[in-house]
Amino acid sequence: MPWYRRPDGCRLYYELHGRGDPLLLLEGLGGDIPGWRRNIPALSAELRVVAYDFRGNGRSDKPDQPMTIGTFVDDTIGLLDHLGIASAHLYGQSFGGMVVQELALAHPDRVRSLILACTHAGHRRAVRVTATVPKDRPWLALYSREFAAQHPDHVADDLRVGGQNPQPPEAARRQREAVQEFDAYDRLPEIRAPTLVLHGTEDRVIHPANARILAERIPNARLVLLQGAGHVYHSEQPDTADRAVLDFIVELNP
């Protein structure tokens with residue numbers, strides 16, 4: 001298995017798929033590489049996909065230590081250095097999208113483009129959701145109501161796969177602490193990398209209005225809304241989501 005060990009001893013698990021320009025996938029809170037299983041085949045058919053589990057997620061180590069978004073930025077830069085990748089297209093989903101924003105601001109030379117998916121620029125100015133879900137089935141918030149009702153087997157499969165490497169409570173707490181301190185809102189106009197903002201219109205975790213905020217504040221950002229999709233838009237509508245990402249990157253390299 002490919003592992004990269006950070007200077008503090010934390011081991012990060014990663015996978016490489018395909019060839020071409022590098023595309024780095026950065027997952028959400030508590031997520032892991034299998035969460036991208038419906039996307040990696042299409043993306044890696046045209047690009048060199050690098051997927052890794054954040055510290056605290058999946059197969060990576062889960063140290064119970066204070067973390068900031070900067071911790072995950074440093075991990076990501078370290079992995080790129082380890083792989084000999086000078087710059088990459090960065091695709092961040094939810095929590096991963098926050099890491100990508102901070103990385104683009106701190107290390108603009110390492111970024112070819114940004115894909116910010118179902119994320120926001122920090123809680124201080126974020127539009128919050130008001131939708132409720134059953135307390136005994138909180139995972140339903142990840143999906144649009146219609147999709148969850150019409151595709152229970154799909155949801156069950158996601159739960160089965162996602163439960164193979166469960167996140168311990170202390171790791172979840174450390175990542176949430178990092179999110180609470182994150183705030184890129186005022187700095188978004190400093191981002192110069194080509195940016196695609198991607199969001200499902202029925203997201204019940206991060207309000208779709210946050211996508212418009214990102215697209216309005218990042219110079220020349222492109223906004224793509226996936227109609228009817230929830231927070232895990234890439235699971236509900238993988239073909240549409242993957243095509244939007246690939247078309248965006250291809251246009252940068254005609």
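- Contact check for W3 versus R59: side-chain heavy atoms found under the 4.5 Å cut-off.
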**Prompt:** When you look at R112 and D21, which way does the salt bridge (charged side-chain N to carboxylate O under 4.0 Å, His left out) test go after all the steps?
**Reply:** CA-CA 10 Å; R112 298 191 187 191; D21 286 350; 3.2 Å; yes
**Request:** Begin with the C-alpha distance, continue with both residues' side-chain angles, and end with the deciding distance and a verdict on side-chain contact (heavy atoms from CB on, under 4.5 Å) for V129 and V205.
**Result:** CA-CA 7 Å; V129 295; V205 176; 6.0 Å; no
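- For the pair R212 and V127, the minimum side-chain heavy-atom distance is 4.5 Å or more.
- Closest heavy-atom contact between L196 and A244: CD2-O, 3.9 Å.
- A ring-ring contact (aromatic ring centres under 6.0 Å, His included) with Y91 is found for one member of F248, W36, Y52 and no other, namely W36.
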**Request:** Determine, stepwise, if the pair H199 / D203 fulfils side chain to side chain donor-acceptor pair (under 3.5 Å).
**Result:** CA-CA 8 Å; H199 214 113; D203 192 333; 3.0 Å; yes
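- Here the CG atom belonging to N39 is positioned 10.5 Å from the OG atom belonging to S44, to the nearest 0.5 angstrom.
- How far OG1 of T71 is from CD1 of I69: 8.5 Å, rounded to the nearest 0.5 Å.
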**Item:** Worked verdict on L16 versus V49 for side-chain contact (heavy atoms from CB on, under 4.5 Å)
**Value:** CA-CA 6 Å; L16 304 176; V49 172; over 6 Å; no
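- No side-chain donor-acceptor contact under 3.5 Å links E15 to the backbone of V50.
- Counting heavy atoms of neighbouring residues, nucleotides and ligands inside a 6.0 Å radius, atom CZ of R19 does not exceed 12 of them.
- Looking at N220, its side chain never comes within 3.5 Å of a backbone N or O of T195 through a donor-acceptor pair.
- Residues Q101 and L214 meet the side-chain proximity criterion, which asks for heavy atoms closer than 4.5 Å.
- Proximity of L12 to R5: side-chain heavy atoms (C-beta onward) are nowhere separated by under 4.5 Å.
- When all heavy atoms are compared, the tightest approach of S94 to I206 is OG-CD1, 3.8 Å.
- Salt bridge D53/R11: absent, no basic N to carboxylate O contact under 4.0 Å.
- Heavy atoms only, all atoms of each residue included: A117 and Y233 are closest at CB-OH, 3.0 Å.
- With salt bridges taken as basic N to acidic carboxylate O contacts below 4.0 Å, none links D61 and R55.
- Between D32 and R37 there is no salt bridge, since no side-chain nitrogen of the basic residue lies less than 4.0 Å from a carboxylate oxygen of the acidic one.
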**Asked** What do the steps show when you test H154 against F147 for ring-ring contact (aromatic ring centres under 6.0 Å, His included), and what is the final call?
**Response** CA-CA 9 Å; H154 182 114; F147 186 90; 4.9 Å; yes
**Request:** Show the numbers, then the answer: is there a side chain to side chain donor-acceptor pair (under 3.5 Å) between Q167 and Q175?
**Result:** CA-CA 11 Å; Q167 185 184 50; Q175 289 186 352; 3.1 Å; yes
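- The residues R192 and D109 are annotated as not salt-bridged, no charged nitrogen and carboxylate oxygen being separated by less than 4.0 angstrom.
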**Asked** Would V111 and H107 count as a side-chain contact (heavy atoms from CB on, under 4.5 Å) if you check the C-alpha gap in whole Å, the side-chain angles of each, and the deciding distance to 0.1 Å?
**Response** CA-CA 7 Å; V111 182; H107 304 277; 5.8 Å; no
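- Atom-to-atom distance recorded for Q150:CD and R145:CZ is 14.0 Å, nearest 0.5 angstrom.
- With salt bridges taken as basic N to acidic carboxylate O contacts below 4.0 Å, none links E181 and R176.
- Residues H120 and Y185 keep their aromatic ring centres 6.0 Å or farther apart.
- Of all heavy-atom pairs spanning A126 and N210, the tightest one is CA-OD1, 3.3 Å.
- D81 and R110 are joined by a salt bridge, as a carboxylate oxygen and a charged side-chain nitrogen come within less than 4.0 angstrom of each other.
- Residues L47 and L246 meet the side-chain proximity criterion, which asks for heavy atoms closer than 4.5 Å.
- Taking 4.5 Å as the limit, every side-chain heavy atom of F54 sits out of range of all side-chain heavy atoms of L29.
- Taking every heavy atom of both residues into account, K62 and P166 meet most closely at CE-O, 4.2 Å.
- Separating the CG atom in L25 from the CG atom in L90 is a distance of 10.0 Å, to the nearest 0.5 Å.
- Classification of R6 and D74 as a salt-bridged pair fails, no side-chain N sitting under 4.0 Å from a carboxylate O.
- If you take CD on Q93 and SG on C118, they are separated by 4.0 Å, rounding to the nearest 0.5 Å.
- By the 4.5 Å heavy-atom criterion applied to side chains, Y14 and H82 are counted as neighbours.
- The aromatic ring centres of Y4 and Y13 sit 6.0 Å or more apart.
- One finds the CG atom of L198 at 11.0 Å from the CZ atom of R222 (value rounded to the nearest 0.5 Å).
- Salt bridge present: R174 and E177 bring a charged side-chain N and a carboxylate O closer than 4.0 Å.
- Scanning all heavy atoms of the two residues, the minimum distance from L140 to A148 falls at CD2-CB, 4.0 Å.
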